[in-house]
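Single-structure report; data block below.
Please read these numbers as outputs of a predicted model, since none were measured by experiment. Atoms considered below: every heavy atom in the structure, side chains included; atoms not considered: hydrogens, waters and symmetry mates.
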Amino acid sequence: MVMTASGARMGPVLRANVPTFDLPAEEIEEMICQLVGNSPQKFSPAEPITTFFLLIFGADTGIRSRQLNPHTHRQPEHAQIEAEAEQAADFLPWISGAFQAARTLRLNLGDIFYIGEVSRWELSQQKPEFELSGFVEDIQKTNVYLTLMTEGSVVASNRSEHVPQDCLRPEATLDTELQEGWLREATFWFDQFQHHIQIEDDYCADYLRQKYAEAALWSLAVDVTRQELSKPLKGKENKNRNAVLADRLRRAIPEQLAGFLSATLTSISSMQFALFTAADSIDTCRALMAHLHREQAREQPQAEAPASSHLLLPTTIFQGGIFEEKAQQLAADEIDFPSVEEDEMGEACFRFGELLTGRADTAPQWERIVALQNLVEFLVPCAYGMELGRLKLMLAWIAWLKGSCSLAAQYLDECRNLGIWEDTPLDMVVECGLLPQWVTDGERCFRGIDFAEQQDS
């Protein structure tokens, strides 16, 4: 783990799973340089990153978690400390590699720590080796730890618990009847739409218009989610912030729409269109579809496009409101791809590839991305099968766009464990530890968004 800092503040923390620690100093230097290079280089133009710390964690068999629990803590045995002294000695090449990296990066090396399961070690001031500096439970005596604990923070006991809960949870509610009823109805409509898609031959007969219509409803749902999350919290609402916002979202997103959006993730491309629309705009998505429409026409000049009446849209199940209006509009209007200018098509196609692979000059629209993340979290419980896998894949892609390979890997592992995993470029990117290029730019990287503000009354 690499922790960066300036003179007054701690910067980003970067974690890497290393297959083997038995590496020459040159490879260690290269790895550290890559990790630090993936981090923003400055807090602001006037406050650059100046220092980094290296933390090396040994094996985790559960003993460290036991030691951090006052109910299960045991006095460390001398044999355990001696064993961890030998383990720390195995990482001596990392000391020289870290110093080489500091010279290459022109940064200060603040310290190097080795954390075992019962003991902790730090770099000696006299010679390049580790010396015992205390025990893992000593962290619980520090002022920082006590401050975090009073604010509600706890030490995660496993990787799953460590996943940051930076969005609303679908189980949060102040109205259990509303929460259970919404989930029940959303699951029902997911079943209905999925069944229709599987048995009807004309679903996606006009593929591009169908997927554009679905993307348009995704975009509108993202806008509504963003609006609901942005409404101020009043008075006592702030004490139950997550539950209040979750109930707002349930009242704003119809169950029928939730089922429809989940069921129409019939391929990885469907998921990518929805993600791209949220990251950019529905207009750019329309230009992308127009580009694909033009290429399709070139390859199949004699093919007849089916009428837009064949589109599957939830036009008759809403009880009024903007979603019914949008669905009716999409069903009635001709989606005129040929009217899009050729330069718009080219730019949209380029933008699609560059944005989803993290190579774009401009970052995603972060407020829309966070709104999409919250929306997808609410759709996950009402889906199953491959559609559930694609919802999880969307969450993985969002995590990666925001700069977290660890969280993206967690979602991908969930897909594998459920047997709903599909090969995507994201798997290789996450495995290699690559990050979007905007992650290194303090102006463009994701810096967190807190939508709702508290009001006194």
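- The structure places CD of E137 at 7.5 Å from CD of Q75, a figure rounded to the nearest 0.5 Å.
- With no hydrogens or angles considered, no side-chain donor-acceptor pair links E387 and S262 at under 3.5 Å.
- If you check the side chains of Q87 and Y114, you find a donor sitting under 3.5 Å from an acceptor.
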Are W218 and L275 close enough, and set up right, to give a side chain to side chain contact (heavy atoms under 4.5 Å, CB included), and what steps lead you there? CA-CA 9 Å; W218 271 101; L275 176 59; over 6 Å; no
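- Ring geometry for F260 against F193 counts as perpendicular: the plane angle is over 60°, on a 0 to 90° scale with 30° as the lower cut.
- No side-chain heavy atom of R169 sits under 4.5 Å from any side-chain heavy atom of N242.
- The two residues Q140 and L68 have their closest heavy-atom pair at NE2-O, 2.5 Å.
- Between atom CG of residue L183 and atom CG of residue L178 there is a gap of 11.0 Å, rounded to the nearest 0.5 Å.
- Interatomic distance, W421 CH2 to M386 CE, rounded to the nearest 0.5 Å: 10.5 Å.
- F190 and Y384 have their aromatic ring centers within a separation under 6.0 angstrom.
- Smallest separation of non-hydrogen atoms from S6 and P48: CB-O, 3.5 Å.
- The shortest distance between side-chain heavy atoms of Q100 and C33 does not fall below 4.5 Å.
- Taking OG1 of T51 as the start and CG of L105 as the end, the distance is 11.5 Å to the nearest 0.5 Å.
- Heavy-atom contacts from other residues, nucleotides or ligands closer than 6.0 Å to CG of D343 number more than 12.
- Here the side chains of E117 and Q67 are not in contact, with every heavy-atom distance at 4.5 Å or above.
- Ring geometry for F446 versus W366: interplanar angle over 60°, hence perpendicular rather than tilted (30 to 60°).
- The environment of CD in E443 is sparse: at most 12 heavy-atom neighbours from other residues, nucleotides or ligands sit within 6.0 Å.
- Here the rule is side chain to side chain contact (heavy atoms under 4.5 Å, CB included) with W397, and of L356, L412, I369 only L356 fits it.
- Within a 6.0 Å radius of CZ in F57, other residues, nucleotides and ligands contribute more than 12 heavy atoms.
- A 4.5 Å side-chain heavy-atom check between C445 and T440 finds every atom pair outside the cut-off.
- The distance from atom CG of L132 to atom CD of E84, rounded to the nearest 0.5 Å, is 9.5 Å.
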E228/R248 under salt bridge (charged side-chain N to carboxylate O under 4.0 Å, His left out): CA gap, chis, key distance, verdict: CA-CA 6 Å; E228 291 299 318; R248 281 184 188 175; 5.2 Å; no
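- Between the OG1 atom of T277 and the CD atom of E214 there is a distance of 10.5 Å, given to the nearest 0.5 Å.
- In this structure, a donor-acceptor pair under 3.5 Å is present between the side chains of S267 and S270.
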Give the C-alpha distance, both sets of side-chain angles, the deciding distance and a yes or no for salt bridge (charged side-chain N to carboxylate O under 4.0 Å, His left out) between D283 and R286. CA-CA 5 Å; D283 291 335; R286 178 171 178 266; over 6 Å; no
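- In the displayed structure, E171 atom CD is contacted under 6.0 Å by more than 12 heavy atoms of other residues, nucleotides or ligands.
- Heavy-atom minimum distance, Y411 versus E377: OH-OE2, 3.2 Å.
- Considering only heavy atoms from C-beta on, R64 comes within 4.5 Å of I115 through its side chain.
- Residue D361 places its CG atom among 12 or fewer non-hydrogen atoms of other residues, nucleotides or ligands, all under 6.0 Å distant.
- Atom CZ of R447 sits in a sparse spot, with 12 or fewer heavy atoms from other residues, nucleotides or ligands closer than 6.0 Å.
- No more than 12 heavy-atom neighbours from other residues, nucleotides or ligands sit within 6.0 angstrom of CD on E30.
- A salt bridge between K234 and E237 is absent, with no side-chain N of the basic residue lying under 4.0 Å from a carboxylate O of the acidic one.
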